[in-house]
J.: 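Okay, handing you the structure first.
Residue numbering restarts at 1 for every chain, and letters A, B, ... go by the order of the sequence lines. Keep in mind that this is a model prediction, so the values were computed, not measured.
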There are 2 protein chains.
Amino acid sequence: MDQLSATFAALADPTRRAILARLTEGPATVKELSEPFDISGPAISKHLRVLEKAGLITRGREAQWRPCQLDATPLKEVAVWAENYRRFWDASYTRLDALLTELKETEQ
Amino acid sequence: MDQLSATFAALADPTRRAILARLTEGPATVKELSEPFDISGPAISKHLRVLEKAGLITRGREAQWRPCQLDATPLKEVAVWAENYRRFWDASYTRLDALLTELKETEQ
DNA sequence: GGGTTAAATAACCTGTGGGTTAAGTAAGCG
DNA sequence: CGCTTACTTAACCCACAGGTTATTTAACCC
């Protein structure tokens with residue numbers, strides 16, 4: 001699976017997006033991250049593994065804790081990818097497109 | 001499934017992203033869209049249904065053709081969502097964060 | 001009407017995603 | 001050493017995603 005697909009797949013789950021949001025406030029342990037959800041520890045571990053494989057988090061080791069930290073690098077790729085479609089949602093670009101089309105027609 | 005999750009899930013597949021890229025060049029029929037891939041028609045139909053449910057394409061009806069058209073609106077949501085993480089990948093923001101932290105510490 | 005083309009639907013297979021519980025690993029602590 | 005805490009791994013379940021082939025629907029064309 002390519003990098004971008006892995007990133008999108010990781011982001012498709014609300015729990016994982018919530019984990020990323022929490023990590024914007026700073027590093028956290030697995031226990032802390034699991035607090036807001038009523039799903040089991042192993043389920044959280046799996047989510048973290050997906051995020052780690054997608055390169056969205058890095059993990060440390062401090063005694064019996066495995067602190068997680070956000071790595072937003074892949075999100076830059078997402079932003080860049082989405083930006084390429086800006087002209088298709090942006091109204092001013094749409095008007096520009098219409099203008100260009102019109103010009104092209106009058107040329108012929 | 002919420003809108004954002006549906007969008008990310010739709011974007012997680014490379015075939016579907018390729019279809020969106022093709023549709024930036026203008027509307028296309030199902031046949032035309034399936035041309036570049038060596039997967040069956042029904043498989044393409046399923047991909048299109050996913051894209052349609054995510055609101056990324058709209059479909060018309062012209063005789064026996066069902067032309068597909070790009071609707072990038074959900075991609076704006078993606079861009080906005082990703083932009084919220086800009087300060088975590090942008091180096092200058094990182095330096096700003098460091099500066100703010102430093103300031104906060106000297107205040108105490 | 002009969003044949004052809006475009007596309008969707010149905011039925012099926014297989015892999016994987018997200019969840020569970022139970023057991024294992026690893027570190028702190030009395 | 002033995003107990004507790006933090007976390008992972010293993011084994012399992014079920015739903016769904018992505019693919020297939022075969023069939024159906026719908027429209028055009030002769």
J.: Taking 4.0 angstrom as the limit, do Arg86(B) and Glu83(B) come out as a salt bridge?
T.: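 Yes, Arg86(B) and Glu83(B) are salt-bridged.
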J.: Measure the distance from CZ on Arg66(A) to P on dA6(D) and round it to the nearest whole Å.
T.: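 So the CZ-P distance, Arg66(A) to dA6(D), works out to 13 Å.
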J.: Under 4.0 Å, heavy atoms only, any strand: does Ala43(A) hit a base, just the sugar-phosphate, or nothing?
T.: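 Answer is base: heavy atoms of Ala43(A) come under 4.0 Å of a base.
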J.: Distance check needed: dG18(C) C1' versus Arg16(A) CZ, whole Å only.
T.: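 From Arg16(A) CZ to dG18(C) C1': 8 Å.
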J.: From the options dC28(D), dT9(C), dA7(C), select the nucleotide whose nearest atom is closest to the side chain of Ala63(B).
T.: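 Per side-chain heavy atoms of Ala63(B), the pick is dC28(D).
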J.: Distance check: side-chain N/O of Ser40(B) vs OP1/OP2 of dG19(D), anything under 4.0 Å?
T.: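 So the side-chain polar atoms of Ser40(B) never come under 4.0 Å of the phosphate oxygens OP1 or OP2 of dG19(D).
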J.: Side-chain N or O of Arg61(B) less than 4.0 angstrom from OP1 or OP2 on dA6(C)?
T.: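 It does not, given that no N or O in the side chain of Arg61(B) lies less than 4.0 Å from OP1 or OP2 of dA6(C).
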J.: Between dT9(D) atom P and Ile44(A) atom CD1, what is the distance in whole Å?
T.: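 To the nearest whole Å, that distance equals 15 Å.
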J.: Separation of Leu48(A) atom CG from dT9(D) atom P, in whole Å?
T.: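 Rounding to the nearest Å, CG of Leu48(A) and P of dT9(D) are 12 Å apart.
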J.: Is there a salt bridge (Lys or Arg N to Asp or Glu O under 4.0 Å) between Arg17(A) and Asp2(B) once you walk through the steps?
T.: CA-CA 12 Å; Arg17(A) 289 201 307 277; Asp2(B) 60 296; 3.1 Å; yes
J.: Nearest nucleotide by nearest heavy atom, which residue falls closer to the 5' end of DNA chain C, Ala9(A) or Gln64(A)?
T.: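 Closer to the 5' end of DNA chain C: Ala9(A).
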J.: How many angstroms lie between atom OG1 of Thr7(B) and atom CE of Met1(B), to the nearest 0.5 angstrom?
T.: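 One finds 8.5 Å between OG1 of Thr7(B) and CE of Met1(B).
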J.: Should His47(B) be listed as having a side-chain N or O under 4.0 Å from OP1 or OP2 of dG19(D)?
T.: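 Yes, His47(B) has a side-chain N/O under 4.0 Å of OP1/OP2 on dG19(D).
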J.: Can you check the Ile19(A) CD1 to dC7(D) P distance for me, whole Å?
T.: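 In whole Å, dC7(D) P and Ile19(A) CD1 are 12 Å from each other.
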J.: Is Thr29(B) near enough to dA6(C) that one of its side-chain N or O atoms lies under 4.0 angstrom from OP1 or OP2?
T.: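 For Thr29(B), the contact criterion (side-chain N or O under 4.0 Å from OP1 or OP2 of dA6(C)) is not met.
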J.: Rounded to the Å, how far apart are Trp65(A) CH2 and dA27(C) C1'?
T.: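 Result: 8 Å.
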J.: Please determine if a side-chain N or O atom of Lys46(A) lies less than 4.0 Å away from the OP1 or OP2 oxygen of dG18(C).
T.: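 For dG18(C), neither OP1 nor OP2 has a side-chain N or O of Lys46(A) closer than 4.0 Å.
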J.: Tell me the interatomic distance from Phe8(B), atom CZ, to dG18(C), atom P, rounded to whole angstroms.
T.: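 So the two atoms are 14 Å apart, to the nearest Å.
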J.: Rounding to an integer number of Å, can you tell me how far Arg17(B) CZ sits from dG18(D) P?
T.: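 In whole Å, dG18(D) P lies 12 Å from Arg17(B) CZ.
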J.: Considering Watson-Crick and G-U wobble pairs with both distances under 3.5 Å, what does dA26(C) pair with?
T.: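 dA26(C) is paired, partner dT5(D).
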J.: Do the ring planes of Phe8(A) and Phe8(B) sit parallel (below 30°), tilted (30 to 60°) or perpendicular (above 60°)?
T.: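 Geometry flag for Phe8(B) against Phe8(A): tilted rings.
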J.: If you look at every heavy atom in Arg16(B) and Ala9(B), which pair is closest and at what distance?
T.: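 Scanning both residues, the minimum pair turns out to be NH2-O, 3.2 Å.
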J.: Does a side-chain N or O of Ser45(B) approach OP1 or OP2 of dA7(C) to a distance below 4.0 Å, or not?
T.: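 Negative; the distance criterion is not met.
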